[in-house]
Every structure is written in C-alpha cells, then in structure tokens.
Protein chains: 2
Amino acid sequence: MTERIESNCPDSAPLLVVGSVAFDNVITPYGEKEHILGGAASYCSLAASYYTQVRMVGVIGNDFGDEHLDRLRSRGIDLEGVQKDDSGPTFFWKGRYHENFNRRDTLDIQLNVFEKFRPDLPDSYKDSNFVLLGNIHPALQMHVLDQLQGSSFVLADTIDLWIEIERKALLDLIKKVNLFVINDTEAEELTEEKNIILAGNKLREMGPETVIIKKGEHGAILFHEDGMFALPAYPVTELRDPTGAGDSFAGALIGRLASRNRSDFQAIKEAMVYATCTASLTVEAFGCDRLESAGVKVIKERSDTLHRLISVN
Amino acid sequence: MTERIESNCPDSAPLLVVGSVAFDNVITPYGEKEHILGGAASYCSLAASYYTQVRMVGVIGNDFGDEHLDRLRSRGIDLEGVQKDDSGPTFFWKGRYHENFNRRDTLDIQLNVFEKFRPDLPDSYKDSNFVLLGNIHPALQMHVLDQLQGSSFVLADTIDLWIEIERKALLDLIKKVNLFVINDTEAEELTEEKNIILAGNKLREMGPETVIIKKGEHGAILFHEDGMFALPAYPVTELRDPTGAGDSFAGALIGRLASRNRSDFQAIKEAMVYATCTASLTVEAFGCDRLESAGVKVIKERSDTLHRLISVN
C-alpha cells in the first residue's frame, strides 16, 4: 500500500499525468550525475503519488530498464499509459547550473523516441477528473484534452521554448485549462508585462480561470477570481539540484486537489503549501532521489513549518 | 493633532530617528524630478509619524527652506534635533533607475553640510526607548548609542558603501543593536553567504538578536530567536520611484513597535505588515509625496489586503 499524506480521503480522485520521461545528465556546483531518471512526467507523478492515485502517460525507449519502472511502481503509480518504444533510446537532456542556480545551460538534448510521441490515453484513463498536462508541445497537450470524457479540472505547465516557437498553439491551449502554472520569466515573455501582478492578471484574461506564477526561491503567487495568494518558498538551506522542482510543485499541487476532490480557491491555497514543501525535497538531492525517499512524515513536518513561517499570529 | 494608525495607545513611546536629510534628483523610466526632499531621516520620520511621536536628528543646509520643514512639522515630527548649518547646501544625491527598477546608478553625490555632521542629541531625546539608526557612517550611529540614557530598542540600517569601506566599524555597531535591517545583496556581501536563510542566521551570530533581510519586490524575511517569518511585498502595480522604500519600511516598522511599546517576535511580525504597506506607498510616486499624503485609511486598507494575501484560510 503506497504511503499517502491522507490515506483515506473518501472523495479522493485519481490524477492523470502526461509529460516527458527522460534520462538527465546534470552538472551543478556540487558535482555531476549521469543517466538519472528525469522528465516532467516522472517528477510530477512521484510528487503527486504522495497524495493520490496517479495514472501516468509518457514514452520510454529501449534503454529504459525495469529498475526505473520499479521506482515508479513502488510509489503506486499506474503505468498502463507509459508507452515503450523499442526503436531508440529514451529522451536525453544534459545541463549545467551556474553558481547561484538561477541560470542553467542546456549542453545536449536528444529527443529520441520522444520525437514521435503521441499521448494516446488508455480507455481506463479517459474518465480522469483531474489532469496534469506537464511540459510537452502544446498541440500534444491539446490532444490529451480531446480524448477526455466528461469534465475535468486541468492544470497545464509550459516552458519558454513553446512561448517562443509555438505561441499560437499555446494560447489556444491555455483557453481550455483551469489552472495555468508558469514561472516569472516565462510569464513576462508571454504577456510582455514586467510587473508580476499585472502579468498574472493578463494571463487570466487570456483564458485560464486560475494562474500560478512561480518565482523559484521567492515562492509563488496565485491569481484567482476570488483573490490573490502569495506564498514564500520553503526555506531550503541545502540546494543541490533544482531540476524537476517546478514539475514536483505542479504534481503535488494537483495531486493534493485530486485527493480532496476540490478545486476551489481555498483548496488551491492549501495545496500550494503542500506543493511548495514537496518541491523543496526535490532540490535537496540530484534527480528524484530525495523526492522519492523523503516520505509522508517529512512532508507533513515541512507543511507545519511553512504554515508557521507565514503566520503573523 | 497628527493622524495616527491608533491614536490612543496608552503605552505609546516616542521614537528617535537619526539619518541623512537630502535633496534628490531622481530619474526613472517614467520621468525625472529635481530637488525633492529625500534622505533616510526624512523617509523614516514621515513613515514612522503614522504610528508614533518622532524625534528627528539630522542636518540641513542653507538651501533648506521652511516649506520642507513644514512638511515634516505637519506630520507632528519633533525637529529640535535637526541642526541647521548655514555654511553650505544640504546633502545632494542624483540617481537614475534602470528599466526594471532593480538597479540604479548614482550620477552625482555632494555631501555638503552632511560631511561635518555629528548627530548630537538634544537632552530631551536622550531617554528615547526606541531608536532608529538610519543609514549614516557606522561610527556616527555608534555616537548616537553612546549618548542614550537607559535601555533602548535599537534598529540599525546600512548600505553597501559601509560594508565595503567601514566593515570593522559596522561589525562593532551591529553587536549593539537589537534589530538589524539589511537588503539581500548587502546581506550576501556582509556574510559572504549566497543562501539567504544561512545569511540571516550568520548575521544573527554577528550580534543583533533579530535580523530582517529585505528582498524588494519579493518581500522580507525575519530571523528571530523564536523563529522565522517570511512576508511577501505588497502587490504594487504602479511602481514610480523606489527611492526611500527601505527607509520607509524601517521607519514604519519601529514606529509601530514604539506605538505599542513592544519588541517581541509577535509584535515585530505584526509591525512588518504595516511596514510593508507603508513602504508600498512610497514607491508609487516620486519622493515622499505619496507617503506623506496617503493617510491612515489607505494604510489600514493595505494592511487588510496584505493579511488576506498571505492567509491560507
């Protein structure tokens, strides 16, 4: 039985996660690691697995061994939607972080089997009421939405690449999502607005009813029709590898919402606290290691700490 | 009768403010203004005047007209400690802010009468229980402490200049202050620690029992023996001139503490909310204009807004 934050929420709904699965080589000021499990779908799914049942969709290549699938399975993640493509290796990314972790350079990228990936959903996934569209081409994100039956609460993430080369497809997509999550520099790029408050308001006018702008070490801001909410980052003192922090945030956020079967303002605020704490684990070690091993107790303790950190009274 | 946030706090204590008085020429992407009232003591005193009785110490030159003194007087500020030096003009600063307001260049600086300034306290100020040492040479800040009778709660502010050329004097000073307020880049410079949480802890080890690190648009973090507190900035959408924001924050912060005659963890957190809201006014217009004219009602409304912005429930 997979350990979850609240093991018996009667209303708990499963979560569909779609995104990339990758092997990463990561270089940071603290060292270098090769061939580590990565990709948005991996981080999102592992983070969400602390909260609810995850249905994962992605593609893996002929170099993806059972030991990696077992890591995901052991967190109770349903892998029926993970396609195995034996025609080539798994998506590969190599990057280097700079001294203060604020910038990173992509040193190598090989799409491999990800190049031909189409996120076709198994029939058993099509009734999902909570959906996380991790960062992939916006047309593929839209393809997922087209397969869903019934109404879903949809969170979409993106990266600067799609803003630059697929702006039209991205703008079409975000009209159809409920919660759009984006970082501060991407928000500025997409809205051409430097003030983060105005950028958040502009993004909501573009379609999504709710927007979260992530600011890395400075936390995140929620823009919702019922109001705004600003949350600082968890006070991490041992930053080791920021890869996957944004994906972990998104996964835990909607995982928590699915576990409570809620998507109102109050529930999103509460889920952001868990999302922030879950993402704080990811950055404390290379790859998924700390996220995967931390356990429910640590996440709950961090949630208590974060609540105290922001409490005036 | 000067309008204050709470007009009848029975325990209210007066606040001693020491710092520079200046005329500024400010250039921003929105325009340019010349010969506007500035300096740390002016901003600190005006901000604090919304909370308690202010005793101001500074020096003005032969170009400082009564109309400027009247602006301060009309906020009920006691000017007995403001020295008039007819041998030259008032301290002058000219600066230009860049596009995103994150950086500024000093284009001209003329110390004038400020060069020979010694902050000698009138006898009637020496019993002050709350003291704000605005940014001046750390040896002059120490000279103020030497004149105080009885125990005081002392807040000190500084700038990068003193970290660079008077590190020893600054380190001596902060051992004697209760609350040290510094911005993030200065904190990194003084502690040689990039991680802001570790920098805050290191600063406390250097002497001051309590430290606040200001992060501009990203808010501020309090480090106290009873815990940490992270507060986002007020969501300003009309940033016009950031000059004096830090001074306004410090002035309102200790002004609020003096008005309640408290300096415990809980009181400092509550005062940070008011300080953030008060500083948000300063940046919405050139110089002191908006800070001076906003009034108690607007500050209270912003305080309510900020409380809602950070409230999970």
Side-chain angles (χ1 to χ4, degrees), chain A residues 29 98-102 184-185 188 193-202 213 215-224 226-240 265-274 276 280 283-284 303-313, chain B residues 29 98-102 184-185 188 193-202 213 215-224 226-240 265-274 276 280 283-284 303-313:
Chain A
H98 292 254
E99 184 60 38
N100 59 6
F101 289 101
N102 287 343
D184 46 2
T185 55
E188 181 181 330
E193 173 57 60
K194 284 180 193 302
N195 181 290
I196 197 167
I197 309 299
L198 298 177
N201 294 338
K202 257 193 174 176
I213 300 184
K215 306 195 294 172
E217 63 172 318
H218 300 301
I221 306 185
L222 167 68
F223 300 83
H224 187 279
D226 292 343
M228 284 172 55
F229 174 59
L231 184 66
Y234 186 87
V236 168
T237 53
E238 309 229 337
L239 183 55
R240 290 295 173 266
F265 184 47
Q266 164 63 35
I268 295 173
K269 294 199 287 183
E270 193 262 10
M272 281 175 70
V273 174
Y274 276 110
T276 296
S280 77
V283 305
E284 289 181 345
S303 166
D304 291 342
T305 300
L306 189 54
H307 275 284
R308 278 197 303 277
L309 183 73
I310 63 173
S311 165
V312 183
N313 299 308
Chain B
H98 292 255
E99 185 61 36
N100 59 6
F101 288 100
N102 287 343
D184 46 3
T185 54
E188 180 181 331
E193 172 57 60
K194 283 180 192 303
N195 182 290
I196 197 167
I197 309 299
L198 298 178
N201 294 339
K202 254 192 175 177
I213 300 183
K215 305 196 295 171
E217 62 171 321
H218 300 301
I221 306 185
L222 167 67
F223 301 83
H224 187 279
D226 291 343
M228 283 171 55
F229 174 60
L231 184 66
Y234 186 87
V236 169
T237 53
E238 309 230 337
L239 183 55
R240 290 295 173 267
F265 184 47
Q266 164 63 34
I268 295 173
K269 294 200 286 184
E270 193 261 9
M272 281 175 71
V273 173
Y274 275 110
T276 296
S280 77
V283 305
E284 289 180 345
S303 166
D304 291 343
T305 300
L306 188 54
H307 275 284
R308 277 196 305 276
L309 182 73
I310 64 173
S311 165
V312 183
N313 300 307

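If you're wondering where the values come from, they're calculated on a predicted model, not measured in any experiment. Both backbone and side-chain heavy atoms feed into the values below; hydrogens, waters and symmetry mates do not. Proteins come first, then strands; the chains are lettered A, B, ... in the order of their sequence lines, and each starts at number 1.
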Interface residue of largest heavy-atom contact number with chain A, from [options], under 4.5 Å:
options: B/L306, B/T305, B/N195, B/L309; answer: B/L309
options: B/K194, B/H218, B/K269; answer: B/H218
options: B/L222, B/I197, B/I196; answer: B/I197

List the atom of [X], the atom of [Y], and the distance in Å for their closest heavy-atom pair.
X: A/E193; Y: A/A199; value: CG-N, 3.5 Å
X: B/P232; Y: B/T276; value: O-CG2, 3.8 Å
X: B/V273; Y: B/S303; value: CG1-OG, 4.0 Å

Toward chain A, the part of [X] with a non-hydrogen atom under 4.5 Å:
X: B/N201; value: neither
X: B/P235; value: both
X: B/V312; value: both
X: B/L231; value: neither

Pick from A/A233, A/A230, A/G219: which one has the most heavy-atom pairs with chain B under 4.5 Å?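 Going by pairs under 4.5 Å, I would pick A/A230.
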B/F229 side chain reached by B/I268 side chain, heavy atoms, under 4.5 Å: no
Going by an N to O cut-off under 4.0 Å, is there a salt bridge joining A/E217 and A/K215? no
Could you check whether A/E284 pairs with A/R240 (Lys NZ or Arg NE/NH1/NH2 to Asp/Glu carboxylate O, under 4.0 Å)? no
